[in-house]
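Taking it in order: structure first as C-alpha coordinates, then the write-up.
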Amino acid sequence: MQPKARPIQRFAQSVSKCTADAAVYGKCIVADYNSVHKDKCAKEFMKLKNCYLAAAKGGR
Amino acid sequence: MRLNLPRACRPPNLRSLAASPCARRTYAFQAPGGAVFKVFNSRTKWLQKERAAADPELSRQADYLKDEVAMRVCERLVDVKRHFPRVLDLGANSCNIARALTRENPDPDPSTPVSPPLASKITSLVAAESSASLLYRDADLPFNNAELNLTRQVLTDDETLPFEPASFDMVLSSLSLHWINDLPGVLAQINSVLKPDSPFIGAMLGGDTLFELRTSLQLAEQERRGGISPHVSPLADVRDVGGLLGRAGFQMLTVDVEDIVVDYPDTFALMRDLQAMGEGNAVLGREMGALGRDVLLANEAIYRELHGNEDGSLPATFRIIHMIGWKEGANQPKPLKRGSGQVNLKDILEQK
(Lines give C-alpha, C1' and ligand atoms only; values in the text may rest on other atoms or scores of the structure.)
Protein backbone atom coordinates (compact mmCIF):
# COMPACT_ATOMS: atom_id res chain seq x y z
CA MET A 1 0.00 0.00 0.00
CA GLN A 2 1.24 3.47 -0.85
CA PRO A 3 2.04 5.44 2.31
CA LYS A 4 -0.27 8.35 2.89
CA ALA A 5 0.99 11.58 1.36
CA ARG A 6 1.96 14.25 3.87
CA PRO A 7 -0.34 17.31 3.81
CA ILE A 8 2.58 19.44 2.68
CA GLN A 9 3.01 17.23 -0.39
CA ARG A 10 -0.63 17.63 -1.35
CA PHE A 11 -0.22 21.35 -0.76
CA ALA A 12 2.87 21.46 -2.99
CA GLN A 13 1.03 19.60 -5.72
CA SER A 14 -1.90 22.01 -5.72
CA VAL A 15 0.41 25.02 -5.70
CA SER A 16 2.31 23.68 -8.71
CA LYS A 17 -0.88 24.05 -10.79
CA CYS A 18 -0.93 27.83 -10.37
CA THR A 19 2.34 28.92 -11.96
CA ALA A 20 0.73 31.71 -14.00
CA ASP A 21 -0.86 33.43 -11.01
CA ALA A 22 2.28 32.82 -8.96
CA ALA A 23 4.38 34.60 -11.59
CA VAL A 24 2.04 37.60 -11.55
CA TYR A 25 2.24 37.80 -7.76
CA GLY A 26 6.01 37.29 -7.78
CA LYS A 27 6.52 40.06 -10.34
CA CYS A 28 4.39 42.41 -8.26
CA ILE A 29 6.65 41.86 -5.22
CA VAL A 30 9.98 41.79 -7.04
CA ALA A 31 9.18 44.93 -9.05
CA ASP A 32 9.98 47.01 -5.99
CA TYR A 33 11.24 44.71 -3.24
CA ASN A 34 12.84 47.47 -1.19
CA SER A 35 9.51 48.88 -0.15
CA VAL A 36 7.34 45.87 0.51
CA HIS A 37 4.59 46.49 3.04
CA LYS A 38 1.60 44.51 4.25
CA ASP A 39 -0.98 43.79 1.54
CA LYS A 40 1.12 45.50 -1.09
CA CYS A 41 0.05 42.85 -3.59
CA ALA A 42 -3.14 41.70 -1.87
CA LYS A 43 -5.13 41.60 -5.11
CA GLU A 44 -2.58 39.40 -6.90
CA PHE A 45 -2.27 37.19 -3.84
CA MET A 46 -6.03 36.61 -3.61
CA LYS A 47 -6.05 35.53 -7.25
CA LEU A 48 -3.21 33.11 -6.56
CA LYS A 49 -4.95 31.79 -3.47
CA ASN A 50 -8.24 31.31 -5.31
CA CYS A 51 -6.41 29.34 -7.97
CA TYR A 52 -4.73 27.19 -5.28
CA LEU A 53 -8.06 26.59 -3.48
CA ALA A 54 -9.69 25.51 -6.74
CA ALA A 55 -6.75 23.18 -7.49
CA ALA A 56 -6.88 21.71 -3.99
CA LYS A 57 -10.60 21.02 -4.31
CA GLY A 58 -10.20 19.43 -7.73
CA GLY A 59 -7.37 17.21 -6.58
CA ARG A 60 -9.37 15.58 -3.84
CA MET B 1 33.77 32.11 52.12
CA ARG B 2 33.73 33.94 55.42
CA LEU B 3 33.77 37.65 55.37
CA ASN B 4 36.11 38.99 58.03
CA LEU B 5 35.14 42.51 58.83
CA PRO B 6 37.42 44.40 61.18
CA ARG B 7 36.14 44.19 64.71
CA ALA B 8 35.63 47.94 65.00
CA CYS B 9 33.22 47.98 62.10
CA ARG B 10 30.99 45.21 63.33
CA PRO B 11 27.69 46.76 64.45
CA PRO B 12 27.16 46.38 68.18
CA ASN B 13 23.68 45.07 67.67
CA LEU B 14 21.39 44.35 64.76
CA ARG B 15 19.12 47.31 65.25
CA SER B 16 21.87 49.79 64.49
CA LEU B 17 22.66 48.05 61.20
CA ALA B 18 21.12 50.73 59.02
CA ALA B 19 22.48 53.59 61.04
CA SER B 20 26.15 52.57 61.16
CA PRO B 21 28.06 53.65 58.03
CA CYS B 22 30.45 50.71 58.32
CA ALA B 23 27.66 48.15 57.97
CA ARG B 24 26.67 49.47 54.58
CA ARG B 25 29.70 47.88 53.00
CA THR B 26 28.80 45.78 50.02
CA TYR B 27 30.85 43.75 47.63
CA ALA B 28 30.21 42.57 44.13
CA PHE B 29 31.53 39.48 42.46
CA GLN B 30 31.59 38.41 38.85
CA ALA B 31 30.96 34.99 37.42
CA PRO B 32 34.05 33.57 35.68
CA GLY B 33 34.13 34.11 31.94
CA GLY B 34 31.97 36.45 29.93
CA ALA B 35 28.27 35.90 29.43
CA VAL B 36 27.63 33.46 26.59
CA PHE B 37 25.37 34.90 23.96
CA LYS B 38 22.68 32.32 23.25
CA VAL B 39 21.44 32.13 19.67
CA PHE B 40 20.31 28.55 19.20
CA ASN B 41 18.12 26.28 21.24
CA SER B 42 20.27 23.17 21.58
CA ARG B 43 17.40 21.03 22.83
CA THR B 44 15.34 21.87 19.74
CA LYS B 45 18.34 20.99 17.59
CA TRP B 46 18.72 17.67 19.39
CA LEU B 47 15.01 16.92 18.90
CA GLN B 48 15.23 17.76 15.20
CA LYS B 49 18.17 15.41 14.73
CA GLU B 50 16.44 12.61 16.63
CA ARG B 51 13.31 13.06 14.53
CA ALA B 52 15.26 13.12 11.30
CA ALA B 53 17.04 9.90 12.23
CA ALA B 54 13.74 8.23 13.12
CA ASP B 55 13.12 7.86 9.38
CA PRO B 56 16.39 6.30 8.18
CA GLU B 57 15.34 6.08 4.51
CA LEU B 58 14.45 9.76 4.14
CA SER B 59 17.36 10.81 6.30
CA ARG B 60 19.83 8.83 4.13
CA GLN B 61 18.40 10.38 0.98
CA ALA B 62 19.04 13.84 2.36
CA ASP B 63 22.63 13.05 3.33
CA TYR B 64 24.02 14.20 -0.04
CA LEU B 65 25.26 17.51 1.31
CA LYS B 66 26.86 16.10 4.43
CA ASP B 67 28.53 13.27 2.50
CA GLU B 68 29.89 15.69 -0.08
CA VAL B 69 31.30 18.06 2.53
CA ALA B 70 32.73 15.19 4.59
CA MET B 71 34.52 13.99 1.46
CA ARG B 72 35.96 17.43 0.82
CA VAL B 73 37.13 17.69 4.42
CA CYS B 74 38.84 14.31 4.15
CA GLU B 75 40.46 15.26 0.84
CA ARG B 76 42.50 17.77 2.77
CA LEU B 77 44.14 14.83 4.55
CA VAL B 78 45.77 13.67 1.32
CA ASP B 79 48.30 16.47 1.70
CA VAL B 80 49.31 15.67 5.26
CA LYS B 81 52.07 13.06 5.20
CA ARG B 82 51.61 11.71 8.66
CA HIS B 83 49.95 8.90 10.58
CA PHE B 84 47.28 9.75 13.12
CA PRO B 85 46.86 7.21 15.96
CA ARG B 86 43.76 8.79 17.54
CA VAL B 87 41.35 11.14 15.80
CA LEU B 88 38.19 12.89 17.00
CA ASP B 89 35.23 13.62 14.74
CA LEU B 90 33.32 16.34 16.57
CA GLY B 91 29.63 16.64 15.69
CA ALA B 92 29.71 13.45 13.64
CA ASN B 93 26.06 13.53 12.47
CA SER B 94 25.60 10.02 11.02
CA CYS B 95 29.37 9.32 10.87
CA ASN B 96 29.66 10.90 7.42
CA ILE B 97 33.38 11.43 7.95
CA ALA B 98 33.96 7.78 8.77
CA ARG B 99 32.17 6.86 5.56
CA ALA B 100 34.24 9.30 3.53
CA LEU B 101 37.45 8.02 5.09
CA THR B 102 36.77 4.42 4.15
CA ARG B 103 35.98 5.25 0.52
CA GLU B 104 38.21 3.44 -1.99
CA ASN B 105 40.62 5.51 -4.07
CA PRO B 106 39.96 8.97 -2.59
CA ASP B 107 42.15 10.76 -5.15
CA PRO B 108 40.66 9.85 -8.54
CA ASP B 109 43.38 11.10 -10.86
CA PRO B 110 44.21 8.87 -13.86
CA SER B 111 47.88 9.92 -13.79
CA THR B 112 48.44 8.64 -10.25
CA PRO B 113 48.17 5.03 -9.12
CA VAL B 114 45.12 3.92 -7.15
CA SER B 115 45.55 5.16 -3.60
CA PRO B 116 44.37 3.29 -0.52
CA PRO B 117 41.42 4.71 1.44
CA LEU B 118 42.34 7.56 3.74
CA ALA B 119 41.41 5.44 6.72
CA SER B 120 44.84 3.80 6.41
CA LYS B 121 46.32 7.01 7.83
CA ILE B 122 44.23 6.68 10.97
CA THR B 123 44.30 4.02 13.65
CA SER B 124 41.20 4.86 15.61
CA LEU B 125 38.41 7.38 15.16
CA VAL B 126 36.12 8.65 17.92
CA ALA B 127 32.82 9.94 16.53
CA ALA B 128 31.16 12.29 19.03
CA GLU B 129 27.60 13.52 18.55
CA SER B 130 24.77 14.56 20.85
CA SER B 131 21.96 12.76 19.01
CA ALA B 132 22.23 9.03 19.67
CA SER B 133 19.70 7.96 17.02
CA LEU B 134 21.55 9.86 14.31
CA LEU B 135 24.94 8.61 15.47
CA TYR B 136 23.89 4.94 15.47
CA ARG B 137 21.68 5.20 12.36
CA ASP B 138 24.22 3.49 10.11
CA ALA B 139 25.89 1.33 12.74
CA ASP B 140 25.25 -1.89 10.80
CA LEU B 141 26.43 -0.72 7.37
CA PRO B 142 29.61 -2.25 5.88
CA PHE B 143 31.84 0.81 6.38
CA ASN B 144 31.86 0.11 10.11
CA ASN B 145 33.84 -3.09 9.53
CA ALA B 146 36.64 -1.44 7.61
CA GLU B 147 40.13 -1.32 9.13
CA LEU B 148 39.17 1.97 10.74
CA ASN B 149 38.65 1.39 14.45
CA LEU B 150 35.47 3.43 14.95
CA THR B 151 34.04 4.20 18.40
CA ARG B 152 30.86 6.17 18.85
CA GLN B 153 30.37 8.45 21.80
CA VAL B 154 27.13 10.24 22.64
CA LEU B 155 27.74 13.71 24.04
CA THR B 156 25.44 14.99 26.77
CA ASP B 157 26.17 18.55 25.71
CA ASP B 158 27.29 19.78 22.30
CA GLU B 159 29.41 22.47 23.81
CA THR B 160 31.47 20.57 26.38
CA LEU B 161 34.04 18.04 25.27
CA PRO B 162 34.43 15.25 27.83
CA PHE B 163 37.98 14.38 26.73
CA GLU B 164 41.38 14.58 28.38
CA PRO B 165 43.60 17.50 27.34
CA ALA B 166 46.23 16.62 24.73
CA SER B 167 44.67 13.25 23.89
CA PHE B 168 44.02 13.48 20.13
CA ASP B 169 46.34 13.62 17.12
CA MET B 170 43.76 15.37 14.99
CA VAL B 171 40.25 16.80 15.29
CA LEU B 172 37.87 16.78 12.32
CA SER B 173 34.47 18.44 12.19
CA SER B 174 32.04 18.57 9.33
CA LEU B 175 28.83 20.61 9.19
CA SER B 176 28.01 20.83 12.86
CA LEU B 177 29.89 23.83 14.24
CA HIS B 178 27.27 26.23 12.86
CA TRP B 179 24.83 25.17 15.60
CA ILE B 180 27.26 25.96 18.42
CA ASN B 181 26.34 28.93 20.62
CA ASP B 182 29.76 29.44 22.14
CA LEU B 183 32.02 29.00 19.12
CA PRO B 184 35.11 30.63 20.70
CA GLY B 185 34.74 28.37 23.74
CA VAL B 186 34.39 25.18 21.69
CA LEU B 187 37.36 26.08 19.49
CA ALA B 188 39.44 26.65 22.62
CA GLN B 189 38.36 23.22 23.91
CA ILE B 190 39.31 21.63 20.59
CA ASN B 191 42.70 23.30 20.89
CA SER B 192 43.09 21.89 24.38
CA VAL B 193 42.22 18.25 23.50
CA LEU B 194 44.77 18.30 20.67
CA LYS B 195 48.35 17.15 21.19
CA PRO B 196 51.00 19.78 20.39
CA ASP B 197 51.62 20.31 16.67
CA SER B 198 48.36 18.57 15.63
CA PRO B 199 45.83 19.83 13.10
CA PHE B 200 42.17 20.75 13.40
CA ILE B 201 40.34 20.44 10.08
CA GLY B 202 36.76 21.65 10.04
CA ALA B 203 33.96 22.77 7.77
CA MET B 204 30.84 24.67 8.71
CA LEU B 205 28.01 26.48 6.99
CA GLY B 206 28.46 30.21 6.97
CA GLY B 207 27.91 33.56 5.36
CA ASP B 208 25.34 33.55 2.62
CA THR B 209 24.07 30.02 3.11
CA LEU B 210 20.44 29.76 1.98
CA PHE B 211 20.29 33.50 1.23
CA GLU B 212 17.61 32.79 -1.39
CA LEU B 213 15.29 31.23 1.19
CA ARG B 214 16.12 33.93 3.72
CA THR B 215 15.23 36.79 1.38
CA SER B 216 12.12 35.29 -0.16
CA LEU B 217 10.70 34.30 3.23
CA GLN B 218 11.35 37.80 4.50
CA LEU B 219 9.52 39.33 1.55
CA ALA B 220 6.65 36.86 1.84
CA GLU B 221 6.18 37.46 5.57
CA GLN B 222 6.52 41.19 5.16
CA GLU B 223 3.83 41.32 2.51
CA ARG B 224 1.42 38.77 3.96
CA ARG B 225 1.75 39.47 7.67
CA GLY B 226 3.43 42.85 7.93
CA GLY B 227 6.49 41.69 9.88
CA ILE B 228 9.32 39.16 9.84
CA SER B 229 10.77 36.59 12.20
CA PRO B 230 14.03 34.65 11.84
CA HIS B 231 13.80 31.50 9.70
CA VAL B 232 17.42 31.07 8.65
CA SER B 233 20.14 31.09 11.31
CA PRO B 234 22.60 33.90 11.66
CA LEU B 235 25.89 32.39 10.53
CA ALA B 236 29.56 33.14 11.00
CA ASP B 237 31.29 34.98 8.20
CA VAL B 238 34.62 34.03 6.61
CA ARG B 239 36.24 37.11 8.13
CA ASP B 240 35.14 36.07 11.63
CA VAL B 241 36.45 32.53 11.39
CA GLY B 242 40.11 33.52 10.99
CA GLY B 243 39.88 35.72 14.06
CA LEU B 244 38.09 33.03 16.07
CA LEU B 245 40.73 30.41 15.26
CA GLY B 246 43.51 32.81 16.11
CA ARG B 247 41.85 33.69 19.39
CA ALA B 248 41.54 30.01 20.29
CA GLY B 249 45.31 29.66 19.94
CA PHE B 250 45.63 27.95 16.55
CA GLN B 251 48.67 28.56 14.35
CA MET B 252 49.22 28.47 10.58
CA LEU B 253 45.58 29.12 9.73
CA THR B 254 44.00 28.31 6.42
CA VAL B 255 40.44 29.48 5.80
CA ASP B 256 38.71 29.15 2.47
CA VAL B 257 35.18 29.24 1.13
CA GLU B 258 33.32 27.00 -1.23
CA ASP B 259 29.82 27.43 -2.59
CA ILE B 260 27.72 24.37 -3.27
CA VAL B 261 24.56 25.20 -5.21
CA VAL B 262 21.83 22.57 -5.19
CA ASP B 263 18.82 22.81 -7.50
CA TYR B 264 15.40 21.84 -6.18
CA PRO B 265 12.09 21.44 -8.02
CA ASP B 266 10.24 23.68 -5.54
CA THR B 267 10.65 25.28 -2.13
CA PHE B 268 8.77 22.45 -0.45
CA ALA B 269 11.37 19.93 -1.60
CA LEU B 270 14.11 22.21 -0.23
CA MET B 271 12.41 22.57 3.13
CA ARG B 272 11.62 18.86 3.37
CA ASP B 273 15.26 18.00 2.69
CA LEU B 274 16.48 20.50 5.26
CA GLN B 275 14.14 18.90 7.77
CA ALA B 276 15.36 15.42 6.87
CA MET B 277 18.96 16.59 7.36
CA GLY B 278 18.00 17.74 10.86
CA GLU B 279 18.89 21.27 9.80
CA GLY B 280 15.57 22.89 10.67
CA ASN B 281 15.29 26.28 12.28
CA ALA B 282 16.46 26.25 15.90
CA VAL B 283 17.00 29.95 16.50
CA LEU B 284 15.92 31.12 19.94
CA GLY B 285 13.17 33.67 19.64
CA ARG B 286 11.78 32.26 16.44
CA GLU B 287 8.04 32.13 16.04
CA MET B 288 6.76 28.80 17.31
CA GLY B 289 4.70 26.55 15.11
CA ALA B 290 4.76 25.91 11.40
CA LEU B 291 4.73 28.58 8.73
CA GLY B 292 1.23 29.51 7.64
CA ARG B 293 -0.03 28.38 4.27
CA ASP B 294 -0.39 31.93 2.99
CA VAL B 295 3.27 32.62 3.68
CA LEU B 296 4.33 29.32 2.09
CA LEU B 297 2.27 30.10 -0.98
CA ALA B 298 3.70 33.60 -1.27
CA ASN B 299 7.23 32.32 -0.58
CA GLU B 300 7.03 29.78 -3.40
CA ALA B 301 5.98 32.50 -5.88
CA ILE B 302 8.61 35.03 -4.75
CA TYR B 303 11.49 32.49 -4.62
CA ARG B 304 10.71 31.41 -8.17
CA GLU B 305 10.50 34.98 -9.45
CA LEU B 306 13.53 36.33 -7.61
CA HIS B 307 16.01 33.44 -7.77
CA GLY B 308 14.58 30.76 -10.05
CA ASN B 309 16.64 29.18 -12.85
CA GLU B 310 15.47 29.39 -16.43
CA ASP B 311 14.65 25.68 -16.53
CA GLY B 312 12.17 26.14 -13.67
CA SER B 313 14.31 24.73 -10.87
CA LEU B 314 15.17 26.68 -7.73
CA PRO B 315 18.80 27.06 -6.66
CA ALA B 316 19.84 26.94 -2.99
CA THR B 317 23.34 28.03 -2.05
CA PHE B 318 25.28 26.34 0.72
CA ARG B 319 28.43 28.27 1.57
CA ILE B 320 30.95 26.04 3.24
CA ILE B 321 33.74 27.61 5.26
CA HIS B 322 36.73 25.28 5.47
CA MET B 323 39.24 25.88 8.20
CA ILE B 324 42.55 24.36 9.17
CA GLY B 325 44.48 25.34 12.26
CA TRP B 326 47.44 23.75 14.00
CA LYS B 327 48.00 23.61 17.70
CA GLU B 328 51.23 25.24 18.68
CA GLY B 329 54.14 22.80 18.83
CA ALA B 330 57.88 22.86 19.42
CA ASN B 331 59.36 22.30 15.96
CA GLN B 332 56.60 23.95 13.99
CA PRO B 333 57.50 26.26 11.12
CA LYS B 334 56.72 29.83 12.05
CA PRO B 335 56.36 32.96 9.95
CA LEU B 336 59.62 34.94 9.77
CA LYS B 337 59.98 38.21 11.58
CA ARG B 338 58.54 41.27 9.93
CA GLY B 339 61.11 43.07 7.78
CA SER B 340 63.47 40.09 7.59
CA GLY B 341 62.79 39.44 3.89
CA GLN B 342 65.82 39.57 1.57
CA VAL B 343 64.12 39.48 -1.84
CA ASN B 344 61.85 42.18 -3.12
CA LEU B 345 58.60 40.67 -4.35
CA LYS B 346 58.24 43.50 -6.84
CA ASP B 347 61.39 42.39 -8.73
CA ILE B 348 60.11 38.87 -9.12
CA LEU B 349 56.69 39.96 -10.32
CA GLU B 350 58.11 42.44 -12.83
CA GLN B 351 60.52 39.86 -14.28
CA LYS B 352 57.54 37.80 -15.27
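All values below come from the heavy atoms of this structure, side chains included, with hydrogens, waters and symmetry mates left out.
- Between A/A22 and B/A301 the shortest heavy-atom distance is O-CB, 3.5 Å.
- At a heavy-atom separation below 4.5 angstrom, chain A is approached by no residue within residues 50-70 of chain B.
- By a heavy-atom distance cut of under 4.5 Å, B/Q275, B/R293, B/D294, B/L296, B/L297, B/A298 are the residues of residues 273-298 of chain B near chain A, going up by number.
- The backbone N or O of A/C41 sits less than 3.5 Å from a side-chain atom of B/E223, completing a donor-acceptor pair.
- When only modelled atom types and interatomic distance are considered, A/Y52 and B/E300 share no side-chain donor-acceptor pair under 3.5 Å.
- A 4.5 Å side-chain heavy-atom check between B/R224 and A/D39 finds at least one atom pair inside the cut-off.
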task: Assess whether side-chain contact (heavy atoms from CB on, under 4.5 Å) is satisfied between B/I302 and A/Y25, documenting all intermediate values.
output: CA-CA 8 Å; B/I302 295 169; A/Y25 173 71; 4.1 Å; yes
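- Taking a 6.0 Å sphere around CZ of B/F143, one finds it holds more than 12 heavy atoms contributed by other residues, nucleotides or ligands.
- Comparing A/R6, A/K40, A/Q9, A/K27 by how many heavy-atom pairs each has under 4.5 Å with chain B, the most go to A/K27.
- Here OG1 of A/T19 is found 12.0 Å from CG of B/D266. Values are rounded to the nearest 0.5 Å.
- Atom NZ of A/K43 sits in a sparse spot, with 12 or fewer heavy atoms from other residues, nucleotides or ligands closer than 6.0 Å.
- Residue B/R225 places its CZ atom among 12 or fewer non-hydrogen atoms of other residues, nucleotides or ligands, all under 6.0 Å distant.
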